[in-house]
Amino acid sequence: MSEIPKAYEPQSVEDKWYDFWLKQNCFTADPARVSPKRPAYSIVIPPPNVTGMLTMGHVLNNTIQDILARKARMDGKEVLWLPGTDHAGIATQTVVEKTLKKAGEIKHRDDLGREKFLERVWAWKEKHGGIIIQQLKKLGASCDWTRERFTMDPEYSRCVQKVFVELYKKGLIYRGKRMVNWDPAAHTALSDEEVEMIEEKGHLWHIKYPFIDDQGKPKADEFVVVATTRPETMLGDEAVAVNPKDPRYTKLVGKKVLLPIQNKPIPIIADELVDPKFGTGCVKVTPSHDPADYEMAVRHKLPLTVVIGPDGRMTAVAGKDFERLDRMKARQLVIEKLTEQGLLVKIEDYVHNVGYSQRSHVPIEPYLSEQWFLKYPSVEKSRACVELGSAGASPAAVGAPADSSEDVANSSEPGKSGRLFAADEASAAAPGAGALPKMRFHPQRWAKVYDHWMGNIKDWCISRQLWWGHRIPVWRKVMKRNDPVMETIDLTVGHTIDKGGLVELSFAPKEGGVSYSRNEYKWIDDEHFELEIITDSPAEIKMLEDFGFTQDPDVLDTWFSSWLWPFATMGWTGDKSQDSNTPTLRAFYPTTDLVTGPDIIFFWVARMIMAGYEFMDDLPFHNVYFTGIIRDKQGRKMSKSLGNSPDPLDLIAKYGADALRFGTMRSAPLGQDILFDEQNVELGRNFCNKLWNACRFRQMMGSAPVSGASAGVPPAEIQGEIDPKLLTSDDKWILLKLDQAIRDITEAFAEYKFSDATATLYRFFWSEYCDWYVEASKAVLVKSVTELNMSNESGATPSNATHLTNRSFNDLTARKANTLAVIDFVLSHTLRLFHPFLPFITEELWHGMGYADDMPENQGGKTIMTAPWPKSLDDDFKGHYGLDDCYLDLAGAKYDLVTLGRNLRREFNIQANKKIKFVLKPAGNIPAHDVEVIKLLLNAEAVELDAGYAPPKGTPMVANSVGELYLPLAGLVDVAAEKARLTKEVAKCEAELEKVQSKLNNPNFAQKVPPNVLQEHQQRLAEWQAKLARAKAALAGLG
RNA sequence: GCGCGGUUAGCUCAGUUGGCAGAGCACUACCUCGACACGGUAGGGGUCACAAGUUCAAGUCUUGUACCGCGCACCA
C-alpha cells in the first residue's frame, strides 16, 4: 500500500483477491483435516436454477452464507460450503422451448422430438449454465468450487433413481389415476404446492336444470337451480347433488333432470358433501373437472365425462359447437346459449379464489390422469425434530455455528460444533428433547408454519409430463401369456391372481444374483398383460431395453431431486447397510446451517428434512435461517415483468461487491422483508471508503513502532508493544469500546442477527473510532515537538504531567509510537471483524497495512480468511493495560464537553473554520493531553487552563463533570443572547427535573422499584440539579 | 374461516428481562481544517395506529379494534 488512492477503488482489488483465494485453495474443504480441535462447519447452497441469472434474492442469500462460512473459518473450523445448480425442470424447459419458438425453429417441442429437444436443452445448459456461478464469484462467495454439483450429474441422477426404487419397494411410491392439478400451458401435472390461490372477482351463475316429463322432454315450470362459477364445466355434468338431510330436496332424490345444451338426462343424487346453506343447496356434479365432484362421482359410480382436454380446450365430447374451443371462450358460449334458452336465472358478483400455476400463471385445471405419488417418509421424526418456539428456549443456535460470546471471551478452546466429534451436543442442548436431535428455525415463527404443513401433509404428485428432468425409472412392456421373453429372463411369478389385479414378481435373470426388484403387471385382456418393472440397476435396465421394454415417458418433479441435495452432493451411495458413507459425508453431514427463503419451506426445506431422516437416518441441518423477501422501494416483489429488479452485477460494477454486501446486510433484519433501495448500496460504498481512508491515515502517520508487530497477535503476546504507562484516556476508551464491539458482534452472530452486527460495526468504526478516537489521536500524532512544549507550559499542571515533564524528542516519539500501536491493535481487530461482511477490502488492507506479515502462515499470515476471530479482551489484558471501565466515563465526559463547546460555537455563530480561544476552569486535575485533545476537537486557537478564572459578565459557558468551559468573546459579548440561551437551558433543566422528581416523589416508587433503578433516578436528579444550578448561577452573573 | 407478521422521525427500519424514544437516508446551517465532500460539525423533526387494562412505571406485558402484508384451508 505504498501509493494509496484517495478513494477506494474496488474494481482493481476484487478480482485480484478472488483469484488469489482460488489459487491458494482457500475455499476447499478437506474432511481429513476435521478433528476434535478443528470441527467441521458445513452449509449447502440452495442450488440456483442452472440457467438463471443472479437476482437480489441470491445476493442476500449467498451473502449470508458467505458471512457464515467466513466467520466459521476464522473460528478455526474446517468449512465446506458446497455449491451447485438445479436443473429446474419446468423453468428451463419453458425457456428453451420459448427461445426455439421465437427463433422460428419450432412451433411445438414435438416438432423436434424428445431426444433432439433434450439435446438443445443440454446445449442451452452448457452455454448459460456457468453464468450464475461466475456471478456468485463476483459477489465473493467462498464456495468450494471443486465440489460443484448439478442435480443432473450422472452420480446425482443415480441417487435420484435409487431413492425412487427404494421408496417404491417400501410401498411409499405408487401409481394411480387421480384428480391432479393440471397446468394446461405447460401440459403437466403439478403438486399442490405449485398452485397459487389468487383471489378473483368472478360471477356465480344460477342455471335452471329442468325436470323431464314422461316423454323425456323438459318440463317448462319444474326445475332445480344450480349455481356455478364455471359454467363451461356443465357440459360434463353427470348429476345434480343435494344434501340428504335437506328437507327441500329429499323427495327429488332419484329423479332426473335434463342437462341443458347437452340435452342429457342426469340423476339427482344425495351426498353429505353438499352444504345446504350455500347457494340454492343444489350442486351440479362434474366428475372429471372438480375434485369434490370426482369424490362424489366415485361414491355414486357416475361416468367420468371429460369435456376439457389437457391443453385447456374443449373435447369432442363437449359437443360440436365447443370442440377445440378454449375453456374461457367456451364459458362465454355456454352463457350465451343458456341465456337464449332462458335457463340463466341470475348472475351474481362473486369473489373467490382461483388456483393458478405458479410457473405458467394460468388457471390450473383439475384433471383426471395417471400419475405417480409419494407418501412422504419419516414424517413423524421430521415433524418432531423442529423446535417449536416454546417458552424458555434459548435463542442460541443449535450445533454452534457461532460460539456464544461467553465462549469466545473466556475460552481458548476452538469453537465446539455439532456433528462428527460432538454429535451429541445438539441433543444435549435441548432439554427434555428425548433421543431426537433438535433443529432450530430462525426466526422461529416459521417452525409453526412448518409444523402445520407437516400435520396436514398429503401425498406428493411426483410425476411431470415434461422432458427435461430425471426420467422415472420404470419400464413397461405389453406381453402375452407365455411370452417367450418370460422364459428368457426367467421371470418367476410369485402367485397368480385375477385379471386386472396386481402381483409381485421376483425378477431373476438366468445367471442369477442381480438385485431384487418389485414389479407389477396388469392384465389387459385374457391373453395380454402389461409388465411394469421398477429398477435402478444398470444391468437390469440394459436387459429390459434389449427385450423391448420402454421407459415411462414422465420425468420427476424437480424437487424430487433437490430434496436429496444435502447428501447426494456429498457422494451418497445409498448403501446404508455397508456404512459406505464417503469421508465427506462422515465429516460434513449433517450440515450446520441452511440459508433459504421462506417461500420454499414446503417445496424444499420440509422435504429435505424427511429425506435426511429417511436415507441418512439423521437430520440434514441443525439450523435453518430464513431470509426475508427482497422487494422494491414501493414494497412490490422484484420481478422481471415489473422491471424493478436491479442487476446485482451492475451494482457491483458501480459500487463494488463489498458495498453491495454491506448495504444489503445492513438493511436485512432477521425475518423481515427487505425494501431494496440503491441508497443502501451507496451507504456500503461510503463505508468502505471510510474504512479505506482511516487506514490511509494510519499509513500516512509513519511506520509502525516495531514493524507493526503489535497488530494481529493475540492479546497475550502484544505486551511488549503497547506501553501501558503511555496510554491516554482516549486510548483506553477506544480499547474498551473495541472490546464491547467484539462482544456485541459475536453475540449478534450467535443469534444470526447480521443487520445488528453490521450496525454495531458501523457505529463502532465510524462514530467511535473515526469521529472521536482518530481525531483525538491527532493530538499526539500531528503535533510538532515545539507545539507540544508550548501547550504544556501554558496548560498542564505539573503534578498531572509526570510523564510529560521530561519532554524530549524521544518522549514524543515514544508517545507517537504508542498511539500507532493502539491504532494498529484496533485496526487489525476491526479488519477481522469486518472480513465476513467485506471480504475484499479487508484482505487488501490486511496485506497493505502489513498485518498479514506479523501472523503465522495459517493464522492470517497468508490471508485474513484464516486470521483468528477477535476475542474480547480478558481481565488479564485489561488489568495489564489499566483498562478500567471508568475510562469510558472519563473520556466520555471529555467528549461530552467538546460537544457542548461546539454547540456553543454554533449558538454564537462562530464559523467552523474560525479559530477561537476557550478557557477551561477544571473541576479537578486534568492531564495536559486531555486539554490538548479538547483544544483540537474544538478547533480552538487555544484552551487556556485557569482554575481561578473570573469571566467577564456575559461570557458564554458550558459545563459538566470535567469543568467549566468558557467562550470569551472579547468585547463582543452579547449579554442578551447569552441570557436567552441560559434561560432556555434553565427551562430545560427544570422540565427534566420535574419529570424525575415526580417519579421520586411517588411513595410507591421508592418502595417497589429495584435499588439500581432507584439509584439511577437519584443520580439523574443530582445531575439535572447540578446543571440547573450552573445555569442559574451563570444567569445571575449576567445581572 | 384459521394462523403468522407489521403499524415508532418526511422515508427505511432498530428498540434485549417493562426503567431518560434511537440509527441511516432525506432536510437546515456552517466548514474543503495535513484520512475521507463517498467528508466534518451542529441542528430541527415523535400523542410509538387506536381503545381499555395490569404496574410505582408501558413503544415494550394483557385484551379488544382498525388498517397493511403474507401463509393455509375453502361451499358449487
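Letters A, B, ... are given to chains in the order of the sequence lines, protein chains preceding strands, and every chain is numbered from 1. The figures here come from the full heavy-atom set of this structure, side chains too, leaving out hydrogens, waters and symmetry mates. Since the structure is predicted, the reported quantities are computational estimates derived from the model, not experimental observations.
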(message) Roughly how many Å apart are C20(B) and G59(B), using the C1' atom of each and rounding to a whole number?
(response) 14 Å
(request) Write down the distance separating the P atoms in U62(B) and C27(B), rounded off to the nearest Å. (result) 40 Å
(request) Look at the side-chain N and O atoms of W766(A) and state whether any lies under 4.0 Å from the OP1 or OP2 oxygen of G40(B). (result) yes
(message) S288(A): which residues meet the side-chain contact (heavy atoms from CB on, under 4.5 Å) condition with it, sequence neighbours left out?
(response) L304(A), V306(A)
(request) Could you work out which one of G19(B), A14(B), C75(B) sits closest to the side chain of V1009(A)? (result) G19(B)
(request) Return the nucleotide paired to G44(B): Watson-Crick means purine N1 to pyrimidine N3 with N6-O4 or O6-N4, wobble means G-U with N1-O2 and O6-N3, both under 3.5 Å. (result) none
(message) Check this for me: does any side-chain nitrogen of one of E365(A) and R230(A) sit under 4.0 Å from a carboxylate oxygen of the other?
(response) yes
(request) Counting Watson-Crick and G-U wobble pairs only, both distances under 3.5 Å, name the nucleotide matched with C11(B), or none. (result) G24(B)
(request) Could you tell me whether T899(A) contacts a base, only the sugar-phosphate backbone, or nothing, with contacts defined as non-hydrogen atoms closer than 4.0 Å? (result) sugar-phosphate
(message) Whole angstroms only, please: what is the CG-P distance between D744(A) and G15(B)?
(response) 14 Å
(request) With P as the reference atom in both, quote the distance from G15(B) to G6(B) in angstrom, rounded to an integer. (result) 10 Å
(request) Find which nucleotide of RNA chain B each of D290(A) and K6(A) is nearest to by heavy atoms, and output the residue with the more 5' nucleotide. (result) K6(A)
(request) Could you check which of A76(B), C72(B), C36(B) has an atom nearest any side-chain atom of V274(A)? (result) A76(B)
(message) Nearest to the K448(A) side chain among G3(B), A76(B), C36(B), which nucleotide is it?
(response) G3(B)
(request) Using the P atoms only, state how far U55(B) lies from A14(B), rounded to an integer number of Å. (result) 31 Å
(message) Taking any heavy-atom pair under 4.0 Å as a contact, classify R763(A): base, sugar-phosphate, or nothing.
(response) nothing
(message) Taking only the C1' atom of each, what is the distance from G5(B) to U17(B) in whole angstrom?
(response) 23 Å
(request) Report the base-pairing partner of C38(B) (Watson-Crick or G-U wobble, both distances below 3.5 angstrom), or none. (result) none
Polar atom pairs (N or O), protein with nucleotides 30-33 of chain B, under 3.5 Å:
from: C30(B); atom 1: O3'; to: Q911(A); atom 2: NE2; distance (Å): 3.4
from: C30(B); atom 1: O2'; to: A912(A); atom 2: N; distance (Å): 3.2
from: C31(B); atom 1: OP1; to: Q911(A); atom 2: NE2; distance (Å): 2.9
from: C31(B); atom 1: O3'; to: N913(A); atom 2: ND2; distance (Å): 3.2
from: U32(B); atom 1: OP1; to: N913(A); atom 2: ND2; distance (Å): 2.7

(message) Regarding C770(A), tell me which of base, sugar-phosphate or nothing describes its non-hydrogen contacts under 4.0 Å with the strands shown.
(response) base
(message) I'd like to know if E941(A) pairs up with K917(A) as an ion pair, taking the criterion as any Lys NZ or Arg NE/NH1/NH2 lying under 4.0 Å from an Asp or Glu carboxylate oxygen.
(response) no
(request) For G46(B) versus A9(B), give the span between their P atoms, rounded off to a whole number of Å. (result) 10 Å
(request) For G22(B) versus A42(B), give the span between their P atoms, rounded off to a whole number of Å. (result) 16 Å
(message) If the cut-off is 4.0 Å, is Y350(A) near the phosphate of A76(B), judged by side-chain N/O to OP1 or OP2?
(response) yes
(request) Using the six-membered ring of Y762(A), assess whether NZ or CZ of R666(A) lies under 6.0 Å from its centre and within 45 degrees of the ring axis. (result) yes
(request) Verify the contact: side-chain N or O of R445(A) to OP1 or OP2 of G5(B), cut-off strictly under 4.0 Å; return yes or no. (result) no
(message) Under 4.0 Å, counting only non-hydrogen atoms across every strand here, what does Y769(A) touch: a base, just sugar-phosphate, or nothing?
(response) nothing
(request) State the pairing partner of C33(B); accept Watson-Crick or G-U wobble contacts with both distances under 3.5 Å, and report none otherwise. (result) none
(message) Between C1' on C75(B) and OH on Y294(A), what's the gap in Å once rounded to a whole number?
(response) 21 Å
(message) Can you see if the side chain of K690(A) gets near the phosphate of C36(B) - specifically, an N or O under 4.0 Å from OP1 or OP2?
(response) no
(message) At 4.0 Å (heavy atoms only), tell me whether R902(A) reaches a base, stays on the sugar-phosphate, or touches nothing.
(response) sugar-phosphate
(request) Please figure out whether P1010(A) or M700(A) has its closest RNA chain B nucleotide nearer the 5' end. (result) P1010(A)
(request) Rounded off to whole Å, could you give me the CE-to-P distance for the M454(A) and A73(B) pair? (result) 15 Å
(message) Heavy atoms only, 4.0 Å cut-off, all strands: where does N909(A) land among base, sugar-phosphate and nothing?
(response) nothing
(message) For W772(A), run the ring pair (Phe, Tyr, Trp, His ring centres under 6.0 Å) check against W766(A), F764(A), Y895(A) and tell me which one passes.
(response) Y895(A)
(request) Could you please name the partner base of U65(B), counting Watson-Crick and G-U wobble pairs only when both distances are under 3.5 Å? (result) A49(B)
(request) Would you check if P1011(A) and Q1015(A) make a side-chain contact, meaning some heavy-atom pair closer than 4.5 Å? (result) no
(request) Could you please name the partner base of G19(B), counting Watson-Crick and G-U wobble pairs only when both distances are under 3.5 Å? (result) C56(B)
(request) Under 4.0 Å between any heavy atoms, over every strand shown, what does K654(A) touch: base, sugar-phosphate, or nothing? Just pick one. (result) nothing
(request) Would you check if I823(A) and I734(A) make a side-chain contact, meaning some heavy-atom pair closer than 4.5 Å? (result) no
(message) Output the rounded distance in Å from CG (L936(A)) to P (G40(B)).
(response) 16 Å
(message) With a cut-off of less than 4.0 Å, is there a side-chain N or O of N903(A) near OP1 or OP2 of G43(B)?
(response) yes
(message) Of the listed nucleotides (A35(B), C70(B), C72(B)), which one gets closest to any side-chain atom of F602(A)?
(response) C72(B)
(request) Return yes if some donor-acceptor pair links the side-chain N/O of H352(A) with the main-chain N/O of K201(A) below 3.5 Å, else return no. (result) no
(message) In this structure, how many angstroms lie between the P atom of A23(B) and the CG atom of D771(A), rounded?
(response) 13 Å
(message) Rounded to whole Å, please give me the gap between NE2 in H206(A) and P in C75(B).
(response) 17 Å
(request) Using heavy atoms and a sub-4.0 Å distance, could you list which residues of residues 674-686 of chain A are near RNA chain B? By number, please. (result) L675(A), Q679(A), L683(A), R685(A), N686(A)
(request) Provide, to the nearest angstrom, the distance between the CD atom belonging to E775(A) and the P atom belonging to A42(B). (result) 11 Å
(request) Determine the Euclidean distance between corresponding P atoms of U32(B) and U47(B); express it in Å to zero decimal places. (result) 37 Å
(message) Without decimals, in angstroms, what is the distance between D451(A) CG and C2(B) C1'?
(response) 15 Å
(message) Please classify the nucleic acid contact of A759(A) as base, sugar-phosphate, or nothing, using heavy-atom distances under 4.0 Å.
(response) nothing
(message) If you only use heavy atoms from C-beta on, which nucleotide in G19(B), C36(B), A76(B) is closest to the side chain of H1017(A)?
(response) G19(B)
